[in-house]
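By convention in this document, chain letters (A, B, ...) are assigned in the order of the sequence lines, proteins followed by strands, and residues within each chain are numbered from 1. Values reported hereafter were calculated over all heavy atoms of this structure, with side chains retained and with hydrogens, waters and symmetry mates removed. Not measured: the values here are computed from a predicted model.
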Protein chains: 2
Amino acid sequence: MLDPRKLLLLRELARRGTIAAVAEAVTFTPSAVSQQLSALEREAGVPLLERTGRTVTLTPAGHLLVEHAQTVLEQLERASAALAAVRGGPSGPLRIGAFPTATRALLPAALTALTAAHPGLEPMVSEIDPADVSAALRAGELDVALVHEYDFVPPVTDASIETEPLFSEPMYLTDRPSVADARDDSWIMNKPGTLCHTMAIRACQAAGFEPRVRHHIDDFDTILAFAAAGQGVALVPRLAASSPPPGVTLTRLPLSRRTLVAFRRGYGEHPAIRAAVAVLRPSAL
Amino acid sequence: MLDPRKLLLLRELARRGTIAAVAEAVTFTPSAVSQQLSALEREAGVPLLERTGRTVTLTPAGHLLVEHAQTVLEQLERASAALAAVRGGPSGPLRIGAFPTATRALLPAALTALTAAHPGLEPMVSEIDPADVSAALRAGELDVALVHEYDFVPPVTDASIETEPLFSEPMYLTDRPSVADARDDSWIMNKPGTLCHTMAIRACQAAGFEPRVRHHIDDFDTILAFAAAGQGVALVPRLAASSPPPGVTLTRLPLSRRTLVAFRRGYGEHPAIRAAVAVLRPSAL
DNA sequence: GGTCAAGCGTAAGCTCAGCTTATGCTCGAC
DNA sequence: GTCGAGCATAAGCTGAGCTTACGCTTGACC
């Protein structure tokens with residue numbers, strides 16, 4: 001394997017012209033430089049330099065190797081710079097909370113981007129319902145969280161929590177043209193206590209009825225499978241409705257769900273939080 | 001500076017999973033690999049691996065460095081391959097003959113390309129008139145030569161010399177619409193004994209007159225400068241007529257000059273000759 | 001032509017990086 | 001509980017690569 005230290009000397013020779021000048025530049029003796037270049041020549045198997053007068057000049061093969069040496073050394077520089085960035089950049093554990101759909105749909109790509117950009121970070125993900133996020137953030141159990149808001153559920157405003165909106169998505173209803181048309185159907189909803197559950201109940205109340213809830217299921221894929229099996233109707237966000245099972249028709253409703261990222265107030269400029277928010281923005285996904 | 005030997009070990013660790021496997025692959029002891037990777041970690045200033053169970057796994061920073069290591073090692077491989085190509089490729093002196101215009105207009109770029117592709121070659125150029133090329137090639141004073149043929153001068157066919165046509169170019173006449181119109185002018189021609197001189201004489205004879213030759217000059221730029229100074233008319237090839245001096249108008253004639261590359265018969269497959277012909281073809285220029 | 005400094009190469013010696021061997025620790029399988 | 005796989009550390013040895021010393025060649029200057 002070619003030794004980059006020797007390649008560096010060759011490149012410096014190409015720049016400076018004499019072995020003595022190279023030696024001075026790297027604070028070696030000219031003898032050391034001469035020996036190193038001789039060794040490089042031996043390894044290369046081709047003459048790289050030749051005496052001309054009392055200095056040396058590069059042969060064409062020498063110039064060729066200088067070109068390659070240049071790219072090798074640049075690449076090594078880049079590697080060192082990347083390590084320096086890791087040393088200086090955000091590092092350590094980063095506790096991320098997210099609602100289940102986001103965990104499945106958003107986080108894989110986001111985490112890949114996050115650790116690629118900041119290898120020192122150790123993201124740790126916990127599924128958590130938006131209703132519980134504020135407490136977890138305040139308690140320091142989470143550093144940053146993905147939450148959502150629904151039209152029918154006023155957002156909890158907590159002075160110690162800051163949010164940044166990420167995107168908005170429409171809601172879909174299974175097999176019925178509107179919520180009002182599902183008055184007499186069985187409903188499949190998320191577990192009580194979750195924001196999605198509250199949203200679905202309120203949506204029905206706004207349509208003038210109390211829904212009959214038969215199933216309590218948190219996973220939207222399972223909910224859609226139940227709907228396909230004729231077990232009832234359900235409200236699902238677009239994020240969970242990208243590939244509905246056959247037999248389920250989805251109707252877009254004039255309801256929307258907004259996804260936000262939440263963190264403790266004042267931590268928006270914390271490097272790790274900044275990095276996490278950056279990879280979660282729609283433009284990064 | 002990062003040591004590529006250590007980077008190689010890191011990359012192998014990413015591939016093979018255990019230090020023991022890496023050690024076997026590079027025929028070291030596991031201890032040596034462990035020490036090297038520890039040293040790399042120290043130089044990097046970031047944890048690169050961590051014990052998990054009884055094996056080690058790469059940290060995100062470790063994976064990042066593996067990516068860079070990969071490109072560094074590939075680049076070093078390329079450099080080695082280039083040197084191997086130089087060792088195996090054509091090398092040594094290559095004596096090239098060329099007529100003066102070609103020396104000026106064609107060879108600089110061609111030689112650059114030639115030594116870039118085959119740094120082992122040492123091209124040595126001699127200006128030589130096409131009329132003398134056959135003898136020089138046969139005598140071994142040249143290995144390859146650029147020559148030209150004119151419409152009025154039948155090409156010398158020599159059984160021991162092989163040629164390959166490169167390109168054809170039109171001839172231009174200064175300040176007169178045709179050769180016949182220059183019957184009464186003074187002429188500026190190349191030195192007697194050159195092919196260009198013979199060509200010009202024959203062209204005049206074909207137009208029905210013997211030219212009155214006032215100047216004998218070999219360099220076409222000088223010839224054009226003389227023409228601009230009103231010293232006479234001249235025939236010049238396009239290669240020499242790319243930027244005529246002000247005051248000279250050039251008329252394209254139905255005469256052409258063909259440039260060929262010549263070498264000893266049977267040497268067309270010689271690596272150095274092949275390489276030289278390749279960079280002289282119009283597609284390479 | 002003689003002298004001298006600049007520049008390079010080689011020989012000899014020394015230092016330290018990096019290998020091996022030896023040993024101990026931890027983890028996971030049986 | 002036992003045992004082997006896997007890794008880390010300590011100790012010792014070898015060789016790569018540095019310095020110092022010296023000689024040769026070249027080109028400038030007198």
Side-chain angles (χ1 to χ4, degrees), chain A residues 1-59 61-63 65-66 69 72-73 76 79-80, chain B residues 1-59 61-63 65-66 69 72-73 76 79-80:
Chain A
M1 169 143 44
L2 291 169
D3 181 353
R5 295 176 64 251
K6 301 191 177 81
L7 293 179
L8 173 70
L9 295 179
L10 187 71
R11 190 195 61 179
E12 289 305 307
L13 180 64
R15 274 195 198 157
R16 301 173 190 273
T18 76
I19 289 181
V22 175
E24 192 183 3
V26 300
T27 58
F28 280 175
T29 59
S31 171
V33 176
S34 175
Q35 289 177 46
Q36 288 296 298
L37 290 176
S38 296
L40 180 61
E41 213 164 3
R42 208 177 322 120
E43 291 161 22
V46 207
L48 298 176
L49 19 100
E50 57 185 354
R51 292 287 301 243
T52 56
R54 55 181 167 187
T55 78
V56 292
T57 55
L58 290 175
T59 64
H63 278 115
L65 189 52
V66 167
V72 167
L73 293 169
L76 279 172
S80 294
Chain B
M1 169 145 42
L2 290 169
D3 181 353
R5 296 176 61 252
K6 299 192 179 80
L7 293 179
L8 174 72
L9 295 179
L10 188 70
R11 190 194 61 178
E12 290 304 307
L13 180 64
R15 274 196 199 154
R16 301 172 192 273
T18 75
I19 288 182
V22 175
E24 191 184 4
V26 299
T27 58
F28 280 176
T29 58
S31 171
V33 176
S34 175
Q35 288 177 46
Q36 288 296 296
L37 290 176
S38 296
L40 180 61
E41 214 164 2
R42 208 177 324 119
E43 292 162 21
V46 204
L48 298 176
L49 21 102
E50 56 185 354
R51 292 289 300 244
T52 56
R54 55 183 169 189
T55 76
V56 292
T57 54
L58 291 176
T59 65
H63 278 114
L65 189 53
V66 167
V72 167
L73 293 168
L76 279 172
S80 294

Exercise. Does D/dC18 have OP1 or OP2 sitting under 4.0 Å from an N or O in the side chain of A/Arg5?
Worked result: yes

Problem set entry | A/Val46 versus A/Glu41, closest heavy-atom pair with distance | O-CG, 3.4 Å

Exercise. So, do A/Val26 and A/Leu9 sit near enough that their side-chain heavy atoms are less than 4.5 Å apart?
Worked result: yes

Problem set entry | Validation row: A/Ile19, A/Leu49 side chains within 4.5 angstrom (heavy atoms) | no

Exercise. Just the endpoints, please: which first and last nucleotides of DNA chain C, 5' to 3', lie under 4.0 Å from a heavy atom of chain A?
Worked result: C/dA5 to C/dA11

For this session: Measure the shortest side-chain to side-chain distance between B/Leu10 and B/Val22 over non-hydrogen atoms and say whether it is less than 4.5 angstrom.
Result: no

For this session: Give a yes or no on whether the backbone of B/Pro47 and the side-chain of B/Thr59 come within a donor-acceptor separation of less than 3.5 Å.
Result: yes

Seminar exercise, completed: Rounding to 0.5 Å, atoms NZ (A/Lys6) and CG (A/Leu65) come to a distance of 12.0 Å

At a cut-off of 3.5 Å, list every protein nitrogen or oxygen paired with a nitrogen or oxygen from nucleotides 6-13 of chain D, distance to 0.1 Å.
residue	atom	partner	partner atom	Å
D/dG6	O3'	B/Arg54	O	3.2
D/dC7	OP1	B/Ile19	N	3.0
D/dC7	OP2	B/Ile19	N	3.1
D/dC7	OP2	B/Ala20	N	2.7
D/dC7	O4'	B/Arg51	NH1	3.3
D/dA8	OP2	B/Ser34	OG	2.5
D/dT9	O4	B/Ser31	OG	2.8

Problem set entry | Contact nearer the 5' end of DNA chain D, comparing A/Gly53 with A/Phe28 | A/Phe28

Problem set entry | Sub-4.5 Å side-chain heavy-atom contact between A/Arg16 and A/Glu24 | no

Exercise. In whole angstroms, how far is the C1' atom of D/dG17 from the CG atom of A/Leu40?
Worked result: 14 Å

Problem set entry | Heavy-atom side-chain contact between B/Leu7 and A/Leu76 under 4.5 Å | yes

